[in-house]
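Note sheet for the following structure.
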Amino acid sequence: MIYADNAATTKMSDAAICIMTDLMKETWGNPSSLYGFGQRAKEVLEDARKKVADAIGADPKEIIFTSGGSEADNQAIVTAANIGATKGNKHIISSAFEHHAVLHALQKLEKQGFEVTLLDVHEDGLIRPDELAAAIRDDTCLVTIMYANNEIGTIQPIREIGRICRERGVIFHTDAVQALGHIPVNVVDDNIDMLSGSAHKFHGPKGVGFLYVKKGIKVSNIIEGGAQEKGRRAGTENVPAIAAAATALTDAAAGIEKNTAGIIAKRDRLIKGLSEIPHSALNGDAKSRLPGNVNFCFEGIEGESLLLLLDDKGIQASSGSACTSGSLDPSHVLLAIGRVHDVAHGSLRLSIGEDTSDEDVETIIGAVKEVVEYLRSFSPIWRDLESGVKKHIL
Ligand SMILES: *Cc1c(COP(=O)(O)O)cnc(C)c1O
């Protein structure tokens, strides 16, 4: 099997599995309990908090553990919205290609009287900082822009966006779920006020993530209950999973320098190989892009059929995000960068990692070429394109 869907989830590292199982066996006390057995779990929890904070240049007090990236996104948005609402500032800026955890949270706020401006994502999959600067108003209470996109892998000019928000006194949140552990992220250098992370995207376990909130910002909890996480997130902490997440993040961040050049070389070989397929196009900027992300559109085919046939050949890939697979709507990300419906339907996302070998890359290129040709051989849309009834777009 060739696993090329690391943007959907990653395999847990051996170190993370080892720590998690050890803690489940040995240190399963409640970290809120006062006796020594509970306090040992508390120590593990606080050690994990420090590791996560160190990995992003934050202070441990600024880290709140959550059930994952979706919860962190929701909490960040509710936090900024509540702060804004107390001052009558109910305008939020985001982008059209955010993760649904952000977009759907914003839609909910719109129903509650907030106004949301979605910045245009250009054809290269990047937003323009000057357009952000122009969109900020006196009543803007939040700018939320993802660090790197989960479908097309484009890396936004986060530092510049953060600088503009700082200058204008607007809270800046970034969903950094796809970036953490894959490219360097530092909340101080990048001028970030709030940041979301999810462990299963950097070789940690599923169901655990975190929200960084800069000191001085009053956090709103979205889950009511006990006083865990200093009253900012109720619910007994999943200490084994949190410790595994912290180890995975530390290891992933430490491996960035060693692994990145190799992954980029394989990514670029994939891009070159797939570009040889006629009437195909890479989605998103080739340079400002996550090391492991390749996303293509092929005219005249359905992405779903492509995926199923690749699966038959032992290759796991995706047509968009895991969250939209199963729905027949084309990806909102591909539509946001200007792909028309027909073209957006024929998309393929390959997200490789340090485990992907050169041989895997060649196997993938060969398989995709073969399957695209096969699907086109009986596609009515392709027939229309080739006979000139319809015009080629790519
Ligand atoms: C996966 C993902 C999320 C959701 O994280 P979960 O831990 O699965 O809730 C949010 N944002 C982005 C960009 C993601 O890729």
Side-chain angles (χ1 to χ4, degrees), residues 3-12 16 52 56 63-78 94-107 118 121 125-127 144-156 158 161 173-183 185 192 194-212 222-223 233 235 237-238 241-242 244-246 248-249 252 283-284 288-295 317-326 331-334 336-337 349-353:
Y3 186 74
D5 202 15
N6 285 282
T9 197
T10 56
K11 179 180 161 181
M12 274 182 77
V52 169
I56 61 167
I63 304 296
I64 302 166
F65 288 111
T66 66
S67 67
S70 301
E71 184 185 327
D73 283 341
N74 274 268
Q75 185 164 15
I77 288 167
V78 169
S94 189
S95 80
F97 79 162
E98 295 298 310
H99 191 272
H100 283 130
V102 167
L103 289 178
H104 291 170
L106 294 178
Q107 281 165 15
L118 294 183
V121 183
L126 298 168
I127 69 145
T144 172
I145 304 282
M146 70 202 314
Y147 210 114
N149 185 265
N150 48 307
E151 292 188 34
I152 57 173
T154 46
I155 302 168
Q156 299 301 325
I158 288 298
I161 293 169
H173 165 254
T174 186
D175 173 338
V177 171
Q178 291 288 333
L180 288 170
H182 302 280
I183 55 172
V185 172
I192 295 165
M194 294 196 277
L195 172 145
S196 307
S198 172
H200 75 101
K201 305 286 175 69
F202 50 73
H203 304 288
K206 292 168 192 46
V208 56
F210 69 91
L211 176 64
Y212 151 80
I222 54 175
I223 297 182
R233 201 277 186 184
E237 292 94 343
N238 185 350
I242 288 170
L249 181 56
N283 292 311
S288 188
R289 176 176 207 101
L290 287 171
N293 177 287
V294 175
N295 190 310
S318 156
S319 63
S321 74
C323 328
T324 46
S325 61
S331 144
H332 71 288
V333 173
L334 296 179
I337 63 166
R349 177 185 72 185
L350 298 159
S351 39
I352 59 170

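Here the structure is a predicted model, which is why all the values come from computation and not from measurement. Both counts, for ligands and for their atoms, begin at 1 and track the order of listing.
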Exercise for the section: Could you tell me which residues satisfy salt bridge (Lys or Arg N to Asp or Glu O under 4.0 Å) with E71, sequence neighbours excluded, listed by chain and number? Expected result: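 R233.
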Problem - Results of salt bridge (Lys or Arg N to Asp or Glu O under 4.0 Å) for R289 - residues two or more places apart only - result: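 Counting only residues at least two positions away or on another chain, R289 forms no salt bridge (Lys or Arg N to Asp or Glu O under 4.0 Å).
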Problem - From K201, E151, Q178, K206 - option closest to atom 2 (C) of ligand 1 by heavy atom - result: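 Answer by nearest heavy atom: K201.
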Practice task
Give the single entry among H200, H100, H99 that approaches atom 8 (O) of ligand 1 most closely by any heavy atom.
Solution key: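 Minimum heavy-atom distance to atom 8 (O) of ligand 1 goes to H200.
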Keeping [X] on the side-chain end and [Y] on the backbone end, is there a donor-acceptor pair under 3.5 Å?
X    : Y    : result
D175 : S196 : no
S94  : T144 : yes
E151 : L334 : no

Practice task
Could you tell me how the ring of H182 sits relative to the ring of H203: parallel (under 30°), tilted (30 to 60°) or perpendicular (over 60°)?
Solution key: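 Answer is tilted, since the angle falls between 30° and 60°.
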With heavy atoms of [X] as the reference, note each atom of ligand 1 found under 4.0 Å away.
X    : answer
S70  : 4 (C), 5 (O), 6 (P), 9 (O)
G68  : 7 (O)
M146 : 13 (C)
S198 : 5 (O), 6 (P), 7 (O)

Practice task
Report yes if some N/O of E71 lies less than 3.5 Å from some N/O of ligand 1; otherwise report no.
Solution key: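 In this structure, E71 places no N or O atom under 3.5 Å from an N or O of ligand 1.
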